[in-house]
Amino acid sequence: MSLDNPKTLNDEAIIRLAERVETAQRYATPIHKLTQDYPDMTLSEAYRVQTALRRSYEARGQRVIGWKAGLTSKPKMAQMGVSTPGVGFLTDAMERPANRKITVSDLIHPRVEAEIAFVTKSELSGKVTAEQVMAATDYVQPALEVIDSRFSGFKFDLESVIADNSSSARYVPGGRMIRPDALDLRTVGVVLEHNGEIAQIGAGAEVLGHPAEAIAMLVGVLDDMGEVLPAGSFVMAGAITAAVAVKPGDTITARFYEMGSITVTFTE
Ligand code: OOG
Ligand code: MG
């Protein structure tokens, strides 16, 4: 008689699911939600899949340079129909320079988000407050994130999106680096333009009341995973507004109050 709960995913199943996500990413071909095959998948199992994916990237030579919080604003939660924030990892291979072209033929259905990023100067671990995050922050700066769900129709549930590394694909740091207390990050406005037209408008307070709250949430999730946030990490707090779908030929500009702007043009 086996004591295994048949509903619990064993290590073998976790690794297979991570491979499924990685293949979808590598060949830019959509897959169905993981919960279609594993309807009982839990959030902690989803994070185990994400960790297996991270280990696989590291084994292939990518370096984890930071993390991202996702689904931290009401506009994003409403757009995706998921009301619990999550986290994903960022590697050096996902970074793209600001004010250049980004290829999208290697992505399935890219969308762009305007975010505030934190760069840390000391380690954060355990359960922390937004104040502790601010004290551990070297500087903040604008960032664009290009997300790309590996799931058909960009439709998912919390477990599936977490296993898919929270749709992480590309990120673009830019604008001005400023001290975290130089501005009230709640009132930092952002105007997101798509081909010269205003597509989205928001302010930092959309992100859990204050973007540092999203970083505190993220450090707590890392703690649940047995991880810490090392000094020198690049961490995005989550999209301030809903994401904007892009195609080759499109240009996106995000203008941040007092923090500068980032422009990216998309190409085949
Ligand atoms: C999940 C990732 C969300 C954000 O900033 O809210 C995210 C998704 O919407 O695909 O990156
Ligand atoms: Mg994002």
Side-chain angles (χ1 to χ4, degrees), residues 21 24-25 28 30-35 43 46-47 49-50 53-54 65-91 94-96 102 104 107-118 140-175 185 188 190 192 199-200 202-218 221 233-246 252 254 256 262 264:
V21 171
Q25 178 173 355
I31 54 177
H32 55 249
K33 286 187 294 194
L34 305 189
T35 47
L43 188 56
Y47 274 113
V49 176
Q50 186 190 113
L53 191 65
R54 175 157 50 94
I65 59 83
W67 293 82
K68 61 168 264 187
L71 302 165
T72 49
S73 68
K74 286 212 181 84
K76 274 296 302 186
M77 291 180 190
Q79 183 178 34
M80 304 320 300
V82 175
S83 55
T84 304
V87 317
F89 62 87
L90 301 174
T91 74
M94 300 175 185
E95 182 172 355
R96 295 292 180 272
I102 290 185
V104 291
L107 301 175
I108 301 167
H109 35 208
R111 293 182 181 180
V112 180
E113 301 178 329
E115 311 205 5
I116 293 174
F118 289 63
V140 293
Q141 72 173 137
L144 289 182
E145 180 175 23
V146 182
I147 52 169
D148 190 34
S149 176
R150 267 55 73 169
F151 302 119
S152 303
F154 225 117
K155 291 209 172 65
F156 48 66
D157 40 48
L158 180 64
E159 291 74 21
S160 293
V161 70
I162 294 300
D164 183 28
N165 195 22
S166 296
S167 309
S168 300
R170 311 280 181 258
Y171 62 92
V172 183
L185 295 179
V188 168
V190 63
L192 190 58
Q200 297 287 332
E206 285 280 19
V207 177
L208 297 182
H210 190 298
E213 294 287 356
I215 312 302
M217 177 280 297
L218 180 144
V221 173
S233 293
F234 175 84
V235 194
M236 293 191 295
I240 295 168
T241 73
V244 175
V246 290
I252 292 280
F256 289 79
I262 308 177
V264 161

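Ligands are counted one by one from 1 in listed order, and the atoms in each one are counted from 1 as well. Fair warning: this is a prediction, and the values are worked out from it, not measured in the lab. The residues of the chain are indexed from 1 along the displayed sequence.
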What is the nearest protein non-hydrogen atom to atom 6 (O) of ligand 1, stated with its residue, atom name and distance? Leu71 N, 2.7 Å
Among Ser149, Ala143, Ser166, Gly70, which one has a heavy atom closest to atom 2 (C) of ligand 1? Ser166
Within a distance under 4.0 Å of any heavy atom of Gly238, pick out the atoms of ligand 1 and give their elements. 5 (O)
Quick note on ligand 1: atoms under 4.0 Å from a heavy atom of Ala239 include exactly 4 (C), 5 (O), 6 (O)
Between Thr72 and Pro85, is there a donor-acceptor pair closer than 3.5 Å when you use the side chain of the first and the backbone of the second? no
Which of the atoms of ligand 1 are close to Met80, meaning less than 4.0 Å from one of its heavy atoms? 9 (O)
Smallest heavy-atom separation, Arg150 atom then Ala169 atom, equals NH1-CB, 4.2 Å
Would you check if Lys68 and Asn165 make a side-chain contact, meaning some heavy-atom pair closer than 4.5 Å? no
Please round to the nearest 0.5 Å and tell me the distance separating atom OG of Ser149 and atom CD of Gln25. 11.0 Å
Could you tell me whether a side-chain N or O of Glu115 sits under 3.5 Å from a main-chain N or O of Gly238, the two making a donor and an acceptor? yes
Any Gln141 side-chain heavy atom under 4.5 Å of Phe234 side chain: yes
What I'd like to find out is whether the side chain of Met80 reaches to under 4.5 Å of the side chain of Phe154, using heavy atoms alone. yes
Glu113 heavy atoms, cut-off 4.0 Å: which ligand 1 atoms fall inside? 3 (C), 4 (C), 5 (O), 6 (O), 7 (C), 11 (O)
Tell me, please: is Glu115 in heavy-atom contact with ligand 1, that is, under 4.0 Å? yes
Option from Val246, Asp148, Ile147 for which side chain to side chain contact (heavy atoms under 4.5 Å, CB included) with Leu107 holds: Asp148
Output the list of atoms in ligand 1 that are nearer than 4.0 Å to some heavy atom of Ile147, sorted by atom number. 8 (C), 9 (O), 10 (O), 11 (O)
Angle class for the Phe89/Trp67 ring planes (parallel below 30°, perpendicular above 60°, tilted otherwise)? perpendicular
Mind checking whether Phe154 has an N or O less than 3.5 Å away from an N or O of ligand 1? no
Between ligand 1 and Glu145, is the shortest N or O to N or O distance under 3.5 Å? yes
Indicate yes or no: at least one non-hydrogen side-chain atom of Leu185 is less than 4.5 angstrom from one of Val207. no
Tell me which part of Ser167 gets within contact of ligand 1: side chain, backbone, both or neither, using heavy atoms under 4.0 Å. side chain
Report, in ascending order of atom number, the atoms of ligand 1 lying under 4.0 Å from any heavy atom of Lys68. 2 (C), 7 (C), 11 (O)
Main-chain N/O of Ala245 paired with His109 side-chain donor or acceptor, under 3.5 Å: no
So the protein N/O/S atoms within less than 2.8 Å of the Mg ion (ligand 2) come down to Glu113 OE1, Glu115 OE2, Glu145 OE1
Which atoms of ligand 1 are found less than 4.0 Å from any heavy atom of Lys76? 3 (C), 4 (C), 6 (O), 8 (C), 9 (O)
Closest non-hydrogen atom pair between Ile31 and Val21, with its separation: CD1-CA, 4.3 Å
Closest non-hydrogen contact found for Ser73 with Ala239 is OG-O, 2.8 Å
By number and element, which atoms of ligand 1 are closer than 4.0 Å to a non-hydrogen atom of Val161? 1 (C)
